[in-house]
Engineer: 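Please find one structure pasted underneath; my questions will follow.
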Amino acid sequence: MSTIICRKCKQKAVIRMRQHRLALCRDHYLEWFGEQTQRFIEKYQMFQRSERVLVAVSGGKDSLALWDVLWQLGYQADGFYINLGIDGEDHYSLESQRMCEQFAAERNLSLHVVHIEESYGAAIPVLARRTRRGRGRPCAVCGLSKRHMLNRAAREGGYDVLATAHNLDDEVAVLFGNTLNWQVDLLSRQAPVLEANEDGFIRKVKPFCRFYERETAAYALLRGIEYIEEECPHSVGSKQLAYKELLNRLEEDHPGMKLSFYVNFLNAKQEGIFNPRASEAAAFELKTCPNCGSPTTNNGPCAFCKIVQAENR
Ligand code: SF4
Ligand code: ZN
Ligand code: ZN
């Protein structure tokens, strides 16, 4: 088998990206990855250098790679880690917290840590059991809690923008699921940037939304980032994983399929095909949670406060 060479310097390549018809050596890959991140930040007008970014980190490769590349690019980026109290055999939460703390200490970066059990009295699996939907799988309650806590931390910490490390594989799996069920309201809100609004939602951005998971993994590996390799024990058997496997098989036969599915979706959105009708937009009119001050569609406590308060009933 012939050696694959870097397109830029003709040295031996460490990665070949069939979807981009591009092979690069270590140094040129790291350079390309930083340039692409910068390009996506500018293309989707995610944030400026003068703005403070809060990066949601889980201890996994994508979120630590995102924090690392933003730091390398010279952005003012702090980290935010939520200990969900999911321990299992691998001590998932403890280990992932340790990875984030180690990462921040090595680079002298600022990391905020919230321990959900200490702050709200119960870990995610316990909170989930208080809801009908959460009894089987805690993911819906976990997702809601993370969104709530991230937005609140960014708002209270005076950050301009909240960055998450969703990659193309994540985005395409969500897009696929929403399309299968024609969830037009969710499709209309799936985007690389969700703008802030006066009701208290911070701008949310996904700088990695056009990188394949394989590309973010290569970046983490080549930068020597230590991350937690175990997945959350509750991810096993999820629909999201099943969609990813199916999409991987399609990508294998048709390189670039995921990227074109996602980019064509964004283009279609820009042409206005998923704009919510005025009546649907009105249904999202927001109020303020009397308990925590977060925006909510509820009259009274927000969905997160309702779950936390359920303990006292
Ligand atoms: Fe939370 Fe489910 Fe993700 Fe685990 S797999 S971190 S429970 S959303
Ligand atoms: Zn090279
Ligand atoms: Zn609340």
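Read the numbers this way: they start at 1 and go in the same order the structure lists the ligands and their atoms.
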Engineer: Under a plain distance cut-off of 3.5 Å, with no hydrogens placed, do Lys204 and Asn151 share a side-chain donor-acceptor pair?
Structural biologist: yes
Engineer: Examine the side chains of Gln19 and Glu215 and answer whether a donor and an acceptor come within less than 3.5 Å of each other.
Structural biologist: yes
Engineer: Tell me, which N, O or S atom in His28 is closest to the Zn ion (ligand 2)?
Structural biologist: ND1
Engineer: Provide the number and element of each atom of ligand 1 under 4.0 Å from a heavy atom of Lys146.
Structural biologist: 1 (Fe), 3 (Fe), 6 (S), 8 (S)
Engineer: Counting heavy atoms only, which of Ser238, Ser93, Ala128, Cys232 is nearest atom 4 (Fe) of ligand 1?
Structural biologist: Cys232
Engineer: Applying a 4.0 Å heavy-atom criterion (strictly less than), which segment of Arg137 is in contact with ligand 1: side chain, backbone, both, or neither?
Structural biologist: neither
Engineer: Does the plane of the ring in His112 sit parallel, tilted or perpendicular to the ring in Phe80? Use 30° and 60° as the thresholds.
Structural biologist: tilted
Engineer: Roughly, to 10 degrees, what angle do Cys6 atom SG and Cys25 atom SG form around the Zn ion (ligand 2)?
Structural biologist: 110°
Engineer: With backbone taken as N, CA, C and O and side chain as the heavy atoms from C-beta onward, which portion of Ile124 lies under 4.0 Å from ligand 1: side chain, backbone, both, or neither?
Structural biologist: neither
Engineer: Restricting to N/O/S atoms, is His234 within less than 2.8 Å of atom 4 (Fe) of ligand 1 or not?
Structural biologist: no
Engineer: Show the numbers, then the answer: is there a ring pair (Phe, Tyr, Trp, His ring centres under 6.0 Å) between Tyr29 and Tyr219?
Structural biologist: CA-CA 8 Å; Tyr29 182 71; Tyr219 177 84; 7.4 Å; no
Engineer: Using a strict 4.0 Å cut-off to heavy atoms of Cys142, name the atoms of ligand 1 that fall inside it.
Structural biologist: 1 (Fe), 6 (S), 7 (S), 8 (S)
Engineer: Could you tell me, atom by atom, which parts of ligand 1 come under 4.0 Å of a heavy atom of Ile86?
Structural biologist: 7 (S)
Engineer: When Asp170 is tested against each of Arg210, Lys258, Lys244 for salt bridge (Lys or Arg N to Asp or Glu O under 4.0 Å), which residue passes?
Structural biologist: Lys244
Engineer: Show which atoms of ligand 1 fall inside a sub-4.0 Å distance from at least one heavy-atom site of Ser235.
Structural biologist: 5 (S)
Engineer: Whether Asp199 and Lys287 form a salt bridge (side-chain N of Lys/Arg under 4.0 Å from carboxylate O of Asp/Glu) is what I want to check.
Structural biologist: no
Engineer: Taking 2.8 Å as the cut-off, does an N/O/S atom of Cys139 lie below it from atom 1 (Fe) of ligand 1?
Structural biologist: no
Engineer: Taking NZ, NE, NH1 and NH2 as the nitrogens, is one of them in Glu31 or Lys8 under 4.0 Å from a carboxylate oxygen of the other?
Structural biologist: yes
Engineer: Are any of the side-chain nitrogens in Glu95 or Arg98 under 4.0 Å away from the carboxylate oxygens of its partner?
Structural biologist: yes
